[in-house]
Amino acid sequence: METVVSGIRSTGNLHLGNYFGAMGNFLKMQQEFNCFFFIADYHSLTTHPTPANLKNSVKQVLAEYLACGIDPEACTIYVQSDLPETAELYLLLNMNAYVGELERCTSFKDKIRQQPDNINAGLLTYPTLMAADILIHKAVKVPVGKDQEQHLEMARTFGNRFNRLYQTETFPEPYAFNFGNNLVKVPGLDGSGKMGKSEGEGNAVFLADPPEVIRKKVMRAVSDSGPTQPNQPKPEPITNLFTLMGLVSEPATLAHFNEAYDSCTIRYGDMKKQLAEDIIKFTAPLYDRIQTIVTDDVLLRKVMDSGKEKAKASAAKTIKEVREVIGFLR
Ligand code: TYM
């Protein structure tokens, strides 16, 4: 059975981008493949969370995995830092990762713009750690959003380079995966770019947002004064609202607002009201489950412990093979 690995950073609550970009695929994949889903807490250290923040966000993301329906019986859910084998593989892969290629990575360029006072080596080597996450289980399928495509290409580069250098076939090639469809980019509410945790206040709708917060955020989403001629192409902020509607609303609702746009009768206030209610319909059951699960420390501990054990069995095998291939004496 093919192996799947994917993760989400523990830097805050999950938003609709995480859900439609990655989590929705986790849910479909867990029945069909050998799946490892983890919470990327090592990765989150690039932004220097406090210990209290880190603990809370790992618990929160784990509760959100479970609330969405990730089943610890069907797959392996674990916390990245419970698997130091990943850190060892990261170190080893870094020996064959070149500074030039890491500096050219789009996510690195974005990050140094976002946090100019904290351009740490962890940011530069983020793709090597991500490659280690994937290669440690010899995964071939990686459910992610569109923003991760370049990281997957780098994971293939690092795995192939290792194989070539040591003349082995240790690592298979991992590919981003979305059930035969294109990878998804969920837009944010700020009129440009993607929904993201670090894109500024009000840009992301979180699964754990209460209904009144969702209403407020969506009503404040960037739009414009409306089309002045029929059948015009939509500007980016408006396309974004339609894309979000396409994810959560009935096709008839989407068609109704498309027609209203084309005939210049659209009222964005009405459209946003409808969009907010459809998002709430989607998130409400998740919201309730998240509130219950996040306080259940016994359950969370149990899931983390059993995930750690299963993930370790897989990782230990790979790291043993890698050490032998490299030529360590023991
Ligand atoms: P993170 O936390 O930034 O994102 C987690 C997942 O959510 C997807 N995603 C989106 N998809 C579509 N539209 C959006 N607006 C959007 N925002 C986020 C991301 O593509 C990702 O799939 N580096 C990874 C975490 C990671 C990982 C791994 C993933 C670490 N190691 C190994 C796969 C395999 C990340 O971006 O986290």
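We count ligands from 1, going down the list as the structure has it; atoms in each ligand are counted the same way. Because only heavy atoms are used, hydrogens play no part in the values below, and waters and symmetry mates are left out as well, while side chains stay in.
Taking the charged nitrogens against the carboxylate oxygens, Lys59 and Asp297 do have a contact shorter than 4.0 Å, which makes a salt bridge. A salt bridge does not link Lys302 with Asp305: none of the charged nitrogens is closer than 4.0 Å to a carboxylate oxygen. Here Lys109 does not pair with Glu103 in a salt bridge; the nearest charged N to carboxylate O distance is not below 4.0 Å. Ionic pairing of Glu2 and Lys141 is present here: one or more N-O contacts between side-chain nitrogen and carboxylate oxygen are shorter than 4.0 angstrom. Under a 4.0 Å N-O distance rule, the pair Lys281/Glu250 does not qualify as a salt bridge. Look at Asp147 and Lys194 and you find a salt bridge, because one of the NZ, NE, NH1 or NH2 atoms lies within 4.0 Å of a carboxylate O, short of that distance.
Considering backbone and side-chain atoms alike, Met195 places an N or O below 3.5 Å from some N or O of ligand 1. Polar contact with ligand 1: absent for His151 (N/O pair, distance under 3.5 Å). In terms of N/O distances under 3.5 Å, ligand 1 is approached by Gly145. For ligand 1, none of its N or O atoms has an N or O atom of Ala22 under 3.5 Å away.
You'll find the ring centres of Phe179 and Phe177 inside the 6.0 Å limit. If you look at Phe171 and His137, their ring centroids are not closer than 6.0 Å. Between Phe257 and Tyr261, the distance from one ring center to the other does not fall under 6.0 angstrom.
Nearest to atom 4 (O) of ligand 1 by heavy-atom distance, out of Asn18, Leu16, Asp133, is Asn18. Relative to atom 23 (N) of ligand 1, the option among Tyr126, Phe26, Phe37 with the closest non-hydrogen atom is Tyr126.
For Phe20, no heavy-atom contact with ligand 1 is shorter than 4.0 Å. Under 4.0 angstrom from ligand 1, the non-hydrogen atoms of Ile134 all belong to its side chain.
Hydrophobic clustering, with ILVMFWY side chains joined whenever heavy atoms are under 4.5 angstrom apart, keeps Phe26 apart from Phe206.
Looking at atom 13 (N) of ligand 1, its nearest protein heavy atom turns out to be Val186 N, 2.8 Å. Looking at atom 20 (O) of ligand 1, its nearest protein heavy atom turns out to be Asp147 OD1, 2.5 Å. In this structure, atom 3 (O) of ligand 1 lies nearest to the protein heavy atom Arg9 NH2, 2.7 Å. The single protein non-hydrogen atom nearest to atom 21 (C) of ligand 1 is Gln148 CG, 4.0 Å, given as residue, atom name and distance.
Below 4.0 Å from some heavy atom of Ser6 lie the following atoms of ligand 1, by number and element: 29 (C), 33 (C), 34 (C). Ligand 1 places these atoms under 4.0 Å from at least one heavy atom of His43: 30 (C), 31 (N). Taking every non-hydrogen atom of Val184 and a distance limit under 4.0 Å, the qualifying atoms of ligand 1 come out as 11 (N), 12 (C), 13 (N). Distances below 4.0 Å separate heavy atoms of Lys185 from the following atoms of ligand 1: 12 (C), 13 (N). Ligand-side atoms of ligand 1 in range of Lys197: 2 (O), range being under 4.0 angstrom from any heavy atom. Shown in contact with Val142 at under 4.0 Å from a heavy atom are these atoms of ligand 1, numbered in order with element: 33 (C), 34 (C).
Not a single heavy atom of Lys146 sits under 4.0 Å from any atom of ligand 1. At least one heavy atom of His15 sits under 4.0 Å from some atom of ligand 1.
For Lys234 and Phe242, the positive end sits near the middle of the six-membered ring, less than 6.0 Å away and at most 45° from its axis.
Taking 4.5 Å as the limit, every side-chain heavy atom of Ile266 sits out of range of all side-chain heavy atoms of Ile238.
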